[in-house]
Amino acid sequence: MSGKISGQTLLNWLEKAKAGPIQRKKEYVVVNDNVYATTLMVRAWPEDGAVVGFMRPYLDLVARENPEMVIRLTYQFAPTALVFNQSLDLRRKRLNASIEAAIANKERPRQSEVNAVRTINALEDKKEDGSGNLVTEDIWCFITLIASDLQKLQKVVKRLCDRFHNDGMKLHKLPYEQTTGFLQSWILASPSLPDPDFFYKNRGRLVDDDAAATLYPASFGNMSDGTGAYFGHRIINGYVGPPTYRRHGEGTEDGNILVAGATGQGKSTLLKGLATGLIYEGHRDFVFDVDGEWEPWCKTMGGVWVNQSGSSGRYMDPLWVPPPLGKEDYDAERLDRCSSSLLSIVSLLVEGPERKYAMEPAEMNAAEKALMRLWERKGIVREDPGTWRTERCRIKEWYDELKTDSSPEAVALANKVWGYFEGLRASIFNREDDPEVLDNANIIVLHVSQSIDNEVDAHTGAVKMQLAQNTVWHQVVKERMRKKIYTNVFYDEGQRILMNQQASSNVNKLSTAIRKYNGNLIFATNKPSSLWDTEGGNGLWSNSGYKILLWLEESDLKKIKEKADIPDHILQMVGRLKGSNQYILRGDIRQKITYDRLKMMLPPSELALYETRGLAN
């Protein structure tokens, strides 16, 4: 091929690229054995902004020395919805905390973070100066070079990259993405382009209507796509690296997170940091709190705090029928879910504190007959959903109905549960909470203390936990039907939950099923041994796409080494993290295992909100 490459040749090249009969190399592609093309993307932009014409000198340099080479400069724009809300302010505070930490350690702050804070402030000032609405968009810049001489092409690419580097900028060579990069930058490309995954992975730049912009303040995710929760800053060779944001738990990947760390190493702070970030990214959080440590955070964030501890006497009634959603599958099962919830509670009551007893088949029949009589008395017809909410049914009314049955099996069942309705333990059902208060709340914290002082109190706590778990599961299922929001279920001090057989079984169910319901289970424990000694623990380990390891005792590390497939050098690193508030994040994404060393850099106001009471766990 001689002379300048024609437009028709480029069209032919594009058709061949779409069809696939091309040679794909790491940093270029070949067509017909004699056309070579490399696409570069601007990764680091000029310090003073992406002003019009800033690329001209670089392209002119190439064009003057290589008149036969085709040079194409392409910009891709995408409108953004940059909103100055609490989510953006939280990111700014976390960036400031990282910058201040670097200065305190007599280190140089990361320039990208300094630029990011400066630009957020500048854009906010512009929005508030009264000059009009702030218009922002994402911008990507591509340089495509096409030549007939591979060596000359590679020489030009190197020189161009060096020139950018010397001027404080950077070109990304898009290794193994050359075909995709070429198509994204081609004006005649398929109408299905641009490829959102490509642009999400290869971040662009945020610009306002005057093209004053800087890099995104995140190593994953960006400020304008509405997703990307803060997981912490990377620790590289002992120094604080870039922050990590992830679009967590969305799509088909397993978003469950298992957190293991010794007492006092920062598990609760880490969980609250994740919970806060996910809320601001539009998720919905449900928290099981066994110590009452989440109450200040919940109330500050505008959530609903529900005291379901054994001593409170408050409970969510299992026979409450939720309103219909207009979704056939969900609506048709509302009454059956209530009956299943009731029978699970009654079975747990029958077991008793000693866990010696089980409900006999005849007693189960008596329980169901009592419920059916209660429905009949209330005018509820199973075949007519329009009657399901005309009258409220309550578990106490079910017990009263059970006592009207003089059959031996009904009498036996009533005697077994008598203490929880008429005896010393009747306070467990003192005050019914209205489940409808949860429907419009994005943050729900259920205080479900698990007493280990005696078997009676522990069993009462188990009943309350079962009621709370039934309520949360209903909310998760409901959100799946709505398909409008992702849900996250948090368990803090989860080792206590796993000690309860029924609760542990529910955790196992949740860990295996929640992904199908657009949800994520986020579970923290200070006793990793419980992960392999309990049903729920086994389910958690097998069904958590992310595992976070804070510092652990030597005995716990040995247990993990024995049971898990984590490399020795990673476990050795965990053993050196004591007192650092750092952690290892193990990700299992698309069957590829990755490890990151991270630390949350949080502003003082956020840390104060996350403080625990300082009591031993």
Side-chain angles (χ1 to χ4, degrees), residues 268 271-272 275-276 279 284-320 322 341-342 344-345 348-349 353 392 394-396 419-421 424-454 456-476 487-497 499-500 502-503 506-507 510 522-524 609-617:
S268 292
L271 255 64
K272 289 168 186 170
T276 301
I279 281 295
R284 199 174 180 208
D285 287 351
F286 300 90
V287 181
F288 290 104
D289 178 15
V290 299
D291 280 334
E293 304 288 2
W294 288 68
E295 184 176 5
W297 174 84
C298 176
K299 292 182 176 178
T300 301
M301 296 288 291
V304 174
W305 168 263
V306 183
N307 186 359
Q308 295 278 292
S309 60
S311 60
S312 70
R314 300 174 64 168
Y315 71 103
M316 296 286 183
D317 201 291
L319 291 180
W320 175 76
S341 180
L342 171 72
S344 70
I345 294 299
L348 193 55
L349 295 177
R392 278 290 310 272
R394 294 171 172 81
I395 191 172
K396 289 183 178 180
Y420 295 96
F421 294 95
L424 296 177
R425 288 162 284 168
S427 60
I428 190 174
F429 298 126
N430 264 354
R431 179 180 173 186
E432 179 189 355
D433 280 311
D434 183 2
E436 295 202 33
V437 303
L438 308 183
D439 275 1
N440 297 317
N442 281 346
I443 298 175
I444 297 103
V445 178
L446 298 113
H447 180 27
V448 283
S449 61
Q450 291 287 289
S451 172
I452 57 175
D453 294 333
N454 59 72
V456 173
D457 288 347
H459 187 246
T460 299
V463 174
K464 288 297 187 71
M465 173 59 79
Q466 179 70 27
L467 287 165
Q469 287 178 318
N470 289 347
T471 300
V472 168
W473 181 246
H474 155 71
Q475 293 285 336
V476 170
T487 54
N488 307 291
V489 179
F490 288 79
Y491 285 85
D492 198 1
E493 298 302 329
Q495 67 279 355
R496 302 190 195 177
I497 308 300
M499 290 170 61
N500 178 280
Q502 182 64 45
N506 287 336
V507 167
L510 200 62
I522 303 174
F523 191 99
L609 180 61
Y610 298 168
E611 281 184 355
T612 62
R613 299 173 184 172
L615 302 178
N617 292 329

Given side chains that start at C-beta, do those of E432 and Y315 come closer than 4.5 Å, heavy atoms only? yes
Hey, what do you get for CD1 (I443) to CH2 (W297), rounding to the nearest 0.5 Å? 4.0 Å
What's the spacing between I444 CD1 and W305 CH2 if we round to 0.5 Å? 13.0 Å
Got E493 and D291 here, is their nearest side-chain heavy-atom distance under 4.5 Å? yes
Quick one: are I345 and L467 in side-chain contact, heavy atoms under 4.5 Å? yes
Quick check on the 6.0 Å ring-centre criterion: do F429 and Y420 meet it? no
At their closest point, which heavy atom of G292 faces which heavy atom of H447, and how far apart are they? N-CE1, 3.4 Å
To the nearest 0.5 Å, atom CZ of F286 lies from atom CG of N488 at 9.5 Å
Kindly compute the distance separating CG (L609) from OG1 (T300), expressed to the nearest 0.5 Å. 4.5 Å
Rounded distance [0.5 Å steps], CE in M465 versus CG in L348: 11.5 Å
Heavy atoms, side chains only, cut-off 4.5 Å: are V507 and Q469 in contact? yes
Do F490 and D289 come close enough that some side-chain heavy atom pair is under 4.5 Å? no
Do you know the tightest heavy-atom contact between L342 and I395? CD1-CG1, 3.7 Å
I want to check something: taking the side chain as every heavy atom from C-beta on, are W294 and D285 in contact at a cut-off of under 4.5 Å? no
Would you find a donor on one side and an acceptor on the other, under 3.5 Å apart, between the side chain of S344 and the backbone of S341? yes
Do E293 and S268 touch side chain to side chain, with heavy atoms closer than 4.5 Å? no
Which residues pass the side chain to side chain contact (heavy atoms under 4.5 Å, CB included) test with N442, sequence neighbours left out? I279, R284, I485
Is the ring pair Y491/F523 parallel, tilted or perpendicular, if the boundaries are 30 and 60 degrees? tilted
Contact between N470 and M316 at the side-chain level, heavy atoms closer than 4.5 Å - yes or no? no
The test is side-chain contact (heavy atoms from CB on, under 4.5 Å); show your working for W473 and L510 and say whether it passes. CA-CA 8 Å; W473 181 246; L510 200 62; 3.3 Å; yes
